[in-house]
Amino acid sequence: MTNTIEVTICAHNGEKKTATCPFGVPVESFLESFGDVKDELVAVRVNNEILPLAARLEINCTLEPVVLSSRDGSAIYRRSLAFLLAIAARDLFPNRRLTIGHSLGHSYYYTFADGKKPGGNEIKELEKEMKALVKENLHISCGYMAYEEALELFEKNHQEDTLLLFEQRSESKVRVNQCRDFADLYIEPLVNRTGLLDVFDLMEYGDGLLLHFPATGKKTIEPFEDSPSLFSVYKEYKKWGNILGVHAVGQLNRFVSNRTIQDYIRIAEAFQAKKLAEIADRIYERRDEVKLILIAGPSSSGKTTTAKRLSIQLQVMGMSPIAISLDDYYRSPEFAPKDEKGQPDLECLEALDVAYLNQQLVELLEGKEVDIPIFDFKSGSRKIRGNPIHLDDRSILIMEGIHGLNDACTPQVERKKKFKFYISALTQLNLDDHNRIPTSDNRLLRRMVRDNQFRGAGAAKTIQMWPSVQAGEQKHIFPFQDGADVAFNSALDYELAVLKFYAEPLLRSVKPNMREYAEARRILSFLEDFAPIPPQYVPGTSILREFIGGSEFKY
């Protein structure tokens with residue numbers, strides 16, 4: 001091993017510089033070499049892995065700046081704000097645990113573990129303490145602790161859920177983020193000083209509080225947009241998780257280690273089936289007017305399986321569901337609008353033949369016999385099935401597609417005849433009190449496994465296209481979610497431990513010379529904390545089977 005390394009610096013203006021440096025040189029030594037960066041540097045990409053500015057370089061590498069306004073930079077800012085709030089809460093309320101929950105718009109929802117609702121003065125005190133920590137501009141370091149030392153510190157700070165993760169971990173040294181005497185497990189990079197975290201807001205909400213942060217690429221706080229229906233679903237699932245004693249990964253791991261995980265899986269599946277049955281009850285109560293169920297949700301929500309299971313529940317009540325798909329009403333690609341790259345935009349509403357769709361829906365609702373089409377994606381053309389359908393007194397249509405909740409998709413169908421069903425995978429599990437699992441990661445892993453199982457796609461391809469998928473969701477799905485009659489959570493708290501079985505080898509196939517490596521490493525880092533669950537434990541009718549295979553349903 002030599003005492004020097006070769007470092008290639010990719011400056012902000014596109015120029016590349018090469019330097020010979022001492023082994024172990026800190027990244028912070030190169031900040032000026034990135035040139036006139038007009039935004040704040042928050043991390044660095046080292047051979048396609050995103051690392052904190054405090055990292056030390058020990059191999060030949062290429063450095064690229066990660067700025068605050070970027071997608072990765074915004075994620076680092078949010079995680080760092082959560083870290084800052086954890087410090088403030090520990091300092092002000094040393095005998096209480098403030099736990100992070102789900103996201104709500106551009107906010108994270110927090111509650112105290114003792115169940116006591118924070119008062120307005122307590123929230124103001126927290127905000128004041130956070131601002132004081134920002135003003136001090138404290139250094140946030142990244143380093144290692146001995147295993148025993150880390151256990152002692154987390155026990156001293158009452159970080160019970162963090163301690164549980166050590167039952168799955170066995171490394172002799174533990175990587176941590178640290179500020180003064182507060183430490184947290186290193187999951188992902190943080191900013192290197194508290195002075196950068198000056199844009200945030202705390203506000204009272206529900207039984208807890210919201211940590212409000214800027215949207216991706218923004219530097220100011222936008223007005224809070226409430227989503228009461230989604231919050232209600234989250235709250236119900238969180239309550240259910242607490243009743244069963246599973247709100248963090250370490251508690252789930254204990255079910256695996258004591259061999260009671262199959263009992264937990266049966267309970268989780270039964271709870272989800274119960275929620276679907278309740279939704280079917282609501283539809284049945286309106287059977288005299290509701291004739292069209294519209295199911296929509298973001299990618300990999302489990303829409304297809306949910307539609308099939310809902311259909312069974314409705315049949316139990318004597319109804320006759322008929323499934324149709326919005327995808328079968330696509331125009332030929334040459335008639336579809338073009339995206340910014342000049343390619344057919346198949347996600348926009350205009351890519352569908354809305355007039356033809358509504359003509360057939362109106363005819364069906366009038367009792368006429370209709371021959372619905374099927375779209376052949378290989379040829380890019382629409383064909384007639386040759387199997388006409390009609391609705392009788394017990395019939396009800398179930399239509400799935402990304403634009404289902406948008407009334408512009410079905411303008412000729414009266415609102416009272418429509419039942420809007422929003423579905424998403426809203427995991428309530430945290431890694432620990434301060435580190436959450438984004439719901440989008442749950443869906444990304446589902447899609448990654450499904451794309452590999454059924455389409456032969458590698459993890460890098462799924463990761464590469466994911467930002468585009470999310471952009472489409474933000475545009476075409478999320479704006480209409482609050483207009484739904486019901487919101488359904490398709491997430492299963494045990495599923496990430498099953499997906500780990502399939503996803504880990506896929507993620508490890510993404511190599512350091514690939515741009516997607518940083519994202520693959522990020523996902524692997526939190527999957528490592530899950531004790532794996534054998535796929536054979538998953539029931540054949542589970543939504544999870546849509547992604548891992550072996551479903552009892554035909555797709």
Under 4.0 Å between a Lys/Arg side-chain N and an Asp/Glu carboxylate O for Arg522 and Asp441? yes

Can a salt bridge be assigned to the pair Glu160 and Arg97 using a cut-off of 4.0 Å between side-chain N and carboxylate O? yes

Can you spot which of Tyr77, Phe200, Tyr108 makes a ring pair (Phe, Tyr, Trp, His ring centres under 6.0 Å) with Phe213? Tyr108

Contact between Lys275 and Tyr237 at the side-chain level, heavy atoms closer than 4.5 Å - yes or no? yes

Does Arg450 qualify as a cation-pi partner of Phe547, given the criterion of NZ or CZ under 6.0 Å from the six-membered ring centre and within 45 degrees of its axis? no

Quick test of your reading of the model: are Glu285 and Arg282 salt-bridged, counting only N-O distances below 4.0 Å? no

Taking atom CZ of Arg254 as the centre, report whether more than 12 heavy atoms of other residues, nucleotides or ligands fall under 6.0 Å from it. no

For Gly250 against Leu164, the heavy-atom pair lying closest together: CA-CB, 3.8 Å

Which atom of Ala503 lies closest to which atom of Leu527, heavy atoms considered: CB-CD1, 4.2 Å

Between Tyr109 and Tyr205, is there a side-chain heavy-atom distance shorter than 4.5 Å? yes

Heavy-atom closest pair (Gly73 atom, Val42 atom, distance to 0.1 Å) is CA-CG2, 3.8 Å

Decide side-chain contact (heavy atoms from CB on, under 4.5 Å) for Leu357 and Leu352; before the verdict, give the C-alpha distance in whole Å, the side-chain angles of both, and the deciding distance to 0.1 Å. CA-CA 8 Å; Leu357 165 67; Leu352 296 174; 5.6 Å; no

Test log, rule side-chain contact (heavy atoms from CB on, under 4.5 Å), inputs Thr439 and Ser424: CA-CA 9 Å; Thr439 57; Ser424 191; 5.8 Å; no

Please check this pair: side chain of Lys238 against backbone of Gln428, looking for a donor-acceptor N/O pair closer than 3.5 Å. yes

Salt-bridge present (Glu473, Arg443; N to O < 4.0 Å): yes

Any Thr462 side-chain heavy atom under 4.5 Å of Leu444 side chain: yes

Ala248 to Leu431 - nearest heavy-atom pair and separation: CB-O, 4.1 Å

Do Arg446 and Glu495 meet the salt-bridge criterion of a basic N to acidic O distance under 4.0 Å? yes

Hey, are the side chains of Asp161 and Asn430 touching, using non-hydrogen atoms and a 4.5 Å cut-off? no

Could you tell me if Arg447 and Ser299 have a donor-acceptor pair between their side chains, going purely by distance under 3.5 Å? yes

Solution key, residues 80-89 side-chain donor-acceptor pairs under 3.5 Å, sequence neighbours excluded:
unit_1, atom_1, unit_2, atom_2, d
Ser80, OG, Ile76, O, 2.8
Ser80, OG, Val191, N, 2.9

Would you call the rings of Tyr264 and Phe255 parallel, tilted or perpendicular, where under 30° means parallel and over 60° means perpendicular? parallel

Between Glu289 and Lys417, does any NZ, NE, NH1 or NH2 come within less than 4.0 Å of an OD or OE carboxylate oxygen? no

Heavy-atom closest pair (Ile187 atom, Ser525 atom, distance to 0.1 Å) is O-OG, 3.4 Å

Students often mix this up, so state it plainly: with edges at 30° and 60°, are the rings of His212 and Phe224 parallel, tilted or perpendicular? perpendicular

If you round to the nearest 0.5 Å, how far is CG of Leu98 from CZ of Arg96? 8.5 Å

So, Thr410 and Lys418: side-chain donor and acceptor under 3.5 Å apart, yes or no? yes

Quick one: does Phe553's side chain get under 4.5 Å of Thr305's, heavy atoms only? yes

Minimum heavy-atom separation for Val233 to Ala487, with atom names? CG2-O, 3.4 Å

What residues, two or more places apart in sequence or in another chain, satisfy side-chain hydrogen bond (donor to acceptor under 3.5 Å, both in side chains) together with His434? Asp184

So, Gln168 side chain and Phe530 main chain: donor-acceptor pair closer than 3.5 Å or not? yes

Identified salt bridge (Lys or Arg N to Asp or Glu O under 4.0 Å) partner of Lys420 from the options Asp485, Asp482, Asp407: Asp407

Considering only heavy atoms from C-beta outward, does the side chain of Ser227 approach that of Leu104 to under 4.5 Å? yes

Do the charged groups of Arg90 and Asp433 touch, with an N to O distance under 4.0 Å? no

Do the non-hydrogen side-chain atoms of Ile548 and Arg545 ever get within less than 4.5 Å of each other? yes

Under a 3.5 Å distance rule, please check whether Asn358 uses its side chain to pair with a backbone N or O of Val354 as donor and acceptor. yes

Derivation and outcome, side-chain contact (heavy atoms from CB on, under 4.5 Å), residues Ile265 and Tyr494: CA-CA 7 Å; Ile265 289 173; Tyr494 73 87; 3.7 Å; yes

Begin with the C-alpha distance, continue with both residues' side-chain angles, and end with the deciding distance and a verdict on side-chain contact (heavy atoms from CB on, under 4.5 Å) for Leu429 and Leu496. CA-CA 10 Å; Leu429 271 187; Leu496 288 171; 5.6 Å; no

Are any of the side-chain nitrogens in Glu516 or Lys461 under 4.0 Å away from the carboxylate oxygens of its partner? no

Taking Gln251 for its side chain and His247 for its backbone only, find out whether a donor-acceptor pair lies under 3.5 Å. yes

Compute the ring centroids of Phe454 and Tyr555, then answer whether they are less than 6.0 Å apart. no

Taking the side chain as C-beta and beyond, is there a heavy-atom pair between Pro214 and Ile221 under 4.5 Å? yes

Check: Tyr329/Gln360 side-chain N/O donor and acceptor closer than 3.5 Å: yes

Quick check on side chain to side chain contact (heavy atoms under 4.5 Å, CB included): which of Leu126, Ile123, Asp207 does Pro118 satisfy it with? Ile123

Going by distance alone, is a donor N or O of one side chain under 3.5 Å from an acceptor N or O of the other, for Asp72 and Ser70? no

May I ask you to check whether Glu400 and Ser325 show a side-chain donor-acceptor distance below 3.5 Å? no

